[in-house]
Amino acid sequence: MNREEKPYALLLDRIMLYSSVFVIMGLSDAAIPILPELSDSTLLANGAASSLIFSSFFIGALITMMPFGVVSDAYGHRFFIILGILLSLLSGMAIIISNNVWLIVAARFVEGIGCGAFFPAAFAMLSNFEKRGQYFGELNSLLNFGLAAGMGMAGLLVATGTKNGLLLFEGLMVPVFMISIMVLVNNGPGNPVSRRQDIILVLVRSKSLFIRTDYLPIWLLSFVLFGSSGVLIALYPDFSIEFLEKGALGMYLASVYLGAMVTSLLGGRLQVRRDDLVRAGMGITGVGALIAVFHPLGLTLMGAGSGLGLVGLVTGVSHLDIEKGLAMGIFNTCTYAGLGIVPLVSGLMLSTMGYNGIFILNAVLLIVMVFLPMDALRKE
């Protein structure tokens, strides 16, 4: 048993990962309800500024996920987990103290880079443990809890101060950062799994892994699951404006995260094949997206399906014959690409297809994914 497999070391790692993913996601989503206030600018129309603030986070994450995943394999995963926490802490502070829209955009971009450092390293670290499926489920459950808490608390606290939701999670970030330093001192940076001089070679090889025939369905599933789900989350507020009050809308949107929380915990413990878990997740998410056209309860079902799908995918990726940081870097790049691209393309198609058409198209796309070959997800 090496040092990283010892129960005490593993417990410290899980405390660090679980607390940090909750606070990082909470801080990220706490900005969403106050986007109009953050984007108050004389230089840009508020709608354009809001979109820029929202998208800059995903752009920062998208372009750094894979490089950070590769480098974390060479230098130790804990270093990059702590880097992600530190960048989130600094960017949150900048958003809180500044009212300049361009500085806020830059801070959100840095916050995205923090996620780019954190997630591939966190998933790669958990990939080394025997109960990885359970741990992935727990991590994703707390990820979704953080998203729901960030959005909910920001909405509740806005009456006492526009940025009080951000202040809450920024305050929680300080002890989380201190815990992460303690874990680094106790457990070390993590055993490097690749040589530092191989970093460029691994990055070059990643191009072939993107288009490798047996892996391509996994990347496509990751892209569609998060992209098509993101479409409903992004567009549902405008779609439902005539029949759903703001309070009810917030509850239904939060139920997406709560549904994913529950099924992530269940999915991590179910003794079923990973490809079956992904098929069930994609199908349930697609049906939920279709039901949401007629009733917002479909959003809850959609969240439940996405929780199952993510646990199946990330556990399957952890078994691929690829360096763990690289594998998780590619996986997270695909998920964030989906979140960034699919809602944007769907928004451009609204004028021709309308909300119903866009939602139905994405629901069908999710259901079609059930029939993709998923043999690579079964590998041990």
Side-chain angles (χ1 to χ4, degrees), residues 4-5 7 9-29 61 65 68-69 72 77-78 80-85 88 114-150 169 172-173 176-177 179-180 183-184 187 190 222 225-226 229 256-270 274 277-278 281 303-320 324-325 327-336 339:
E4 290 192 329
E5 291 174 331
L10 173 57
L11 177 62
L12 286 179
D13 281 334
R14 291 171 69 195
I15 290 172
M16 174 181 68
L17 290 173
Y18 294 174
S19 60
S20 55
V21 76
F22 170 77
V23 179
I24 287 172
M25 290 293 96
L27 183 64
S28 168
D29 242 26
M65 287 280 186
F68 273 136
S72 74
H77 299 131
R78 292 188 189 92
F80 290 87
I81 289 167
I82 292 173
L83 176 61
I85 297 169
S88 295
C115 282
F118 177 86
F119 279 105
F123 282 135
M125 178 183 288
L126 292 181
S127 297
N128 293 320
F129 298 116
E130 183 179 349
K131 295 182 179 179
R132 67 188 78 176
Q134 175 186 330
Y135 299 156
F136 286 140
E138 291 168 351
L139 186 74
N140 189 51
S141 181
L142 284 164
L143 182 157
N144 281 280
F145 184 31
L147 290 170
F169 286 94
L172 292 174
M173 188 72 74
V176 167
F177 180 66
I179 289 170
S180 70
V183 175
L184 178 65
N187 290 1
S222 306
L225 176 61
F226 287 88
S229 300
V256 175
Y257 304 126
L258 297 176
M261 279 177 56
V262 173
T263 56
S264 293
L265 290 174
L266 292 175
R269 289 167 169 77
L270 290 174
R274 294 182 292 274
L277 197 62
V278 173
S306 67
L308 290 176
L310 183 136
V311 172
L313 282 168
V314 74
T315 308
V317 170
S318 74
H319 284 86
L320 298 181
K324 301 305 181 187
M328 294 305 171
I330 296 175
F331 169 74
N332 280 283
T333 297
C334 292
T335 62
Y336 272 75
L339 282 167

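This chain uses plain numbering: 1 for the first residue, then up along the sequence.
- Side-chain atoms of K324 never come within 3.5 Å of backbone atoms of M125 as a donor-acceptor pair (strictly under, hydrogens ignored).
- Between the S127 side chain and the F123 main chain, a donor and an acceptor come within less than 3.5 Å of each other.
- Between Y257 and L143 the shortest side-chain heavy-atom distance does not fall below 4.5 Å.
- For the pair F136 and F129, the minimum side-chain heavy-atom distance is 4.5 Å or more.
- Between M261 atom CE and N140 atom CG the span is 10.0 Å, to the nearest 0.5 Å.
- Under the salt bridge (Lys or Arg N to Asp or Glu O under 4.0 Å) criterion, R14 pairs with E138, sequence neighbours left out.
- Separation of atoms NZ (K131) and CZ (R269) is listed at 9.0 Å; rounding is to 0.5 Å.
- The backbone N or O of G84 sits less than 3.5 Å from a side-chain atom of S88, completing a donor-acceptor pair.
- Here the CG atom belonging to L27 is positioned 11.5 Å from the CG atom belonging to L147, to the nearest 0.5 angstrom.
- Contact between A121 and F80 at its shortest, heavy atoms only, is CB-CB, 4.0 Å.
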- Show the numbers, then the answer: is there a side-chain contact (heavy atoms from CB on, under 4.5 Å) between L258 and V262? CA-CA 6 Å; L258 297 176; V262 173; 5.9 Å; no
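- Around the CZ atom of F145, the shell of radius 6.0 Å holds no more than 12 heavy atoms that belong to other residues, nucleotides or ligands.
- Annotation for A260 and S264: closest pair O-OG, 2.6 Å, computed over non-hydrogen atoms.
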Indicate every side-chain donor-acceptor pair of residues 305-316 with a distance under 3.5 Å to a residue at least two apart or in another chain.
{"unit_1": "S306", "atom_1": "OG", "unit_2": "G303", "atom_2": "O", "d": "2.8"}
{"unit_1": "T315", "atom_1": "OG1", "unit_2": "V311", "atom_2": "O", "d": "2.6"}

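- Note that OG of S19 and CD1 of I179 are 4.5 Å apart. Values are rounded to the nearest 0.5 Å.
- Contact of the N187 side chain with the M16 side chain is not registered, since no non-hydrogen atoms from C-beta on lie closer than 4.5 Å.
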Output side-chain donor-acceptor pairs under 3.5 Å for residues 328-336, partner residues at least two apart or in another chain, one line each.
{"unit_1": "N332", "atom_1": "ND2", "unit_2": "M328", "atom_2": "O", "d": "2.7"}
{"unit_1": "T333", "atom_1": "OG1", "unit_2": "G329", "atom_2": "O", "d": "2.7"}
{"unit_1": "T335", "atom_1": "OG1", "unit_2": "N332", "atom_2": "O", "d": "2.8"}

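- Within the 4.5 Å cutoff, the side chain of I24 has heavy atoms near those of the C115 side chain.
- To the nearest 0.5 Å, the span separating NE2 on H77 from CZ on F118 amounts to 13.0 Å.
- Side-chain atoms of M25 and N144, non-hydrogen and from C-beta on, never get closer than 4.5 Å to each other.
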